[in-house]
Amino acid sequence: MDRHELAQFLRNRRESLRPAEVGLPAGTGRRRTPGLRREEVAWRAGVSANYYERLEQARAPRPSPQVVAALARALRLGDDESAHLARLAGQTPPSRERPAAEVPEGVRMLLDRVGAVPAYVLNARHDVLAWNAMAAELLTDFAALPVAERNLLRLSVRFGEQWCRGSADGFLRQAAADLRQAAVRYPSDSGIAELVRHCSAVSAEFAANWHAHDVRGPQTLRKRINHPELGALDLDCQTLHVPGTDQRLVTFSAEPGSVAHDKLLRLQLHALRNT
């Protein structure tokens, strides 16, 4: 059980939930918090206000699975947020010491069979574990980078919008949410904590997203990739989970007939000439 992270997560989720969202009247008195009061969460979860207050103060004993489930319902948590809450409360055992680096052979084969679709594989720490020729042509030659630098988050905060620009719910927000969950699944992995420190120091946007304690799952993003020769490409970025692992296959695609799709076809010809 991570009492301090649990306390911060509960407080953040409570303050982000408005009374009207759960059918409570806003009341006429002035609220000291923009979200729900502690006693309102306790009432909705069926626990004492004193116990819930101690949870947010990191002083309470480990909540039971029933209390964890009740808190998730009271705070209207999604599936990813509920799973994160259970891990913080010590209801789910942590994973092994660090994220796996071995990519299943079938996934490696798929990378080479998706044609004009740039694709790569990430682990929970956002390390780039495998990629196809199209991803190298579109983004960067990952093979030329030191292994420690093959991290998508490091590259993103290093090059910023010169390299890639995401949608309104962009990449840095999603990366912070991913790392929040990874830090709980892999509490012994010092690399995650070091990555968070580095990126928070370099990027104020990432630091703000990290402190938001958001843990929602991967979304379909619209990204603009700034290629040095082809210019801007507006692409759909789709994330797919690799079964049996915490790895993800990330693909970039464009609607057939669009300018971006034509540029991807040109990029594919260039990649074929270089292989």
Side-chain angles (χ1 to χ4, degrees), residues 1-95 124 167-170 172-187 192 196 208-221 239-241 243-246 248:
M1 178 179 175
D2 191 331
R3 284 183 171 82
H4 292 283
E5 281 293 323
L6 175 62
Q8 292 179 19
F9 181 69
L10 289 172
R11 186 180 308 116
N12 180 275
R13 294 280 77 82
R14 173 176 62 81
E15 292 177 350
S16 66
L17 195 58
R18 300 297 184 266
E21 294 180 79
V22 296
L24 293 174
T28 56
R30 185 170 181 176
R31 285 177 171 262
R32 289 182 296 177
T33 175
L36 297 184
R37 298 186 176 98
R38 291 191 181 98
E39 58 267 25
E40 291 170 336
V41 175
W43 174 75
R44 284 175 51 80
V47 299
S48 72
N50 178 264
Y51 176 70
Y52 182 78
E53 182 177 3
R54 285 188 292 145
L55 280 174
E56 284 203 5
Q57 294 173 344
R59 296 190 300 111
R62 176 185 296 179
S64 68
Q66 293 79 10
V67 169
V68 170
L71 289 172
R73 290 192 297 271
L75 294 168
R76 298 186 66 183
L77 302 185
D79 291 343
D80 293 309
E81 293 171 315
S82 297
H84 185 67
L85 177 64
R87 292 190 186 97
L88 290 175
Q91 303 297 343
T92 304
S95 302
S167 63
D169 292 326
L172 292 182
R173 178 178 179 178
Q174 187 61 62
D178 292 342
L179 288 180
R180 273 287 174 194
Q181 297 182 74
V184 178
R185 290 201 304 269
Y186 303 97
I192 294 175
V196 170
N209 283 312
W210 174 255
H211 289 297
H213 287 262
D214 191 0
V215 293
R216 288 177 293 179
Q219 309 293 317
T220 299
L221 300 177
T239 300
L240 307 172
H241 285 281
T245 75
D246 65 358
R248 283 159 291 168

Which atom pair, heavy atoms only, marks the closest approach of [X] to [Y]?
| X | Y | answer |
| --- | --- | --- |
| Ser82 | Ala72 | OG-CB, 3.6 Å |
| Glu81 | Arg76 | OE1-O, 4.4 Å |
| Pro61 | Arg54 | CD-NH1, 4.0 Å |
| Ala58 | His4 | CB-ND1, 3.8 Å |
| Ala124 | Asp246 | CB-OD2, 3.4 Å |
| Pro187 | Val184 | CD-O, 3.4 Å |

Rounded distance [0.5 Å steps], [atom1] in [X] versus [atom2] in [Y]:
| X | Y | atom1 | atom2 | result |
| --- | --- | --- | --- | --- |
| Gln181 | Leu88 | CD | CG | 10.0 Å |
| His213 | Arg13 | NE2 | CZ | 8.5 Å |
| Leu75 | Phe9 | CG | CZ | 8.0 Å |
| Leu172 | Asn209 | CG | CG | 6.5 Å |
| Glu39 | Arg44 | CD | CZ | 13.5 Å |

Are the side chains of [X] and [Y] in touch, meaning some heavy atoms are under 4.5 Å apart?
| X | Y | value |
| --- | --- | --- |
| Glu53 | Glu56 | no |
| Leu10 | Leu85 | yes |
| Leu55 | Val47 | no |

Checklist outcome for this item: For Tyr52, the ring-ring contact (aromatic ring centres under 6.0 Å, His included) test, sequence neighbours excluded, returns none

Next on the checklist: Using side chain to side chain contact (heavy atoms under 4.5 Å, CB included), reason through Arg180 and Glu5 one step at a time and then give a plain yes or no.
Outcome noted: CA-CA 10 Å; Arg180 273 287 174 194; Glu5 281 293 323; 2.8 Å; yes

Checklist entry - Is there a donor-acceptor pair under 3.5 Å between the side chain of Arg3 and the backbone N or O of Ala60? => result yes

Checklist entry - Is the closest side-chain donor-acceptor distance between Asp178 and Gln174 under 3.5 Å? => result yes

